[in-house]
Amino acid sequence: MIVCSCNILSDGDVKACLKPGPDCPRTPAQVYRCLGCSPDCGRCARTIRAIMDKALAEAGVEPVAACRRGCCPTALEKAAAEPTL
């Protein structure tokens, strides 16, 4: 299934870059970089996060908790994935 129509990324592409280990992407922005692209409109970031969370949970890896203060890399990467007008 295509999850990012801007970059033509499938759920399989996202899952393929989630290899266990220290280089495993832990945020949607890291998945984009792993796949050699960057977010365009950003609408797929939540879907990519859901795919990541499910795949990491199935692999027994703790997902990254969302920062509520906006100071952590996860929150900054989320802001970077938002489209600018």
Problem - Pairwise side-chain contact, Asn7 with Cys44, heavy-atom cut-off 4.5 Å (strictly under) - result: no
Practice task
Measure across Val31 and Met52 and return the closest heavy-atom pair with its distance rounded to 0.1 Å.
Solution key: CG2-SD, 3.5 Å
Fill in the blank from the handout: Looking only at heavy atoms, the pair that brings Pro25 and Cys17 closest together is CD-O, 3.1 Å
[atom1]/[X] to [atom2]/[Y] distance, rounded to the nearest 0.5 angstrom?
{"X": "Arg26", "Y": "Arg49", "atom1": "CZ", "atom2": "CZ", "value": "8.5 Å"}
{"X": "Leu18", "Y": "Gln30", "atom1": "CG", "atom2": "CD", "value": "10.5 Å"}
{"X": "Ser38", "Y": "Tyr32", "atom1": "OG", "atom2": "OH", "value": "8.5 Å"}

Exercise for the section: Treating Ile, Leu, Val, Met, Phe, Trp and Tyr as nodes and any side-chain heavy-atom pair under 4.5 angstrom as an edge, say whether Ile51 and Ile8 lie in one connected cluster. Expected result: no
Practice task
For the pair Cys24 and Leu56, evaluate side-chain contact (heavy atoms from CB on, under 4.5 Å) and give the outcome as yes or no after the intermediate values.
Solution key: CA-CA 10 Å; Cys24 180; Leu56 292 173; 3.9 Å; yes
Practice task
Check whether any side-chain N or O of Asp13 sits under 3.5 Å from a backbone N or O of Ser10 as a donor-acceptor pair, and report yes or no.
Solution key: yes
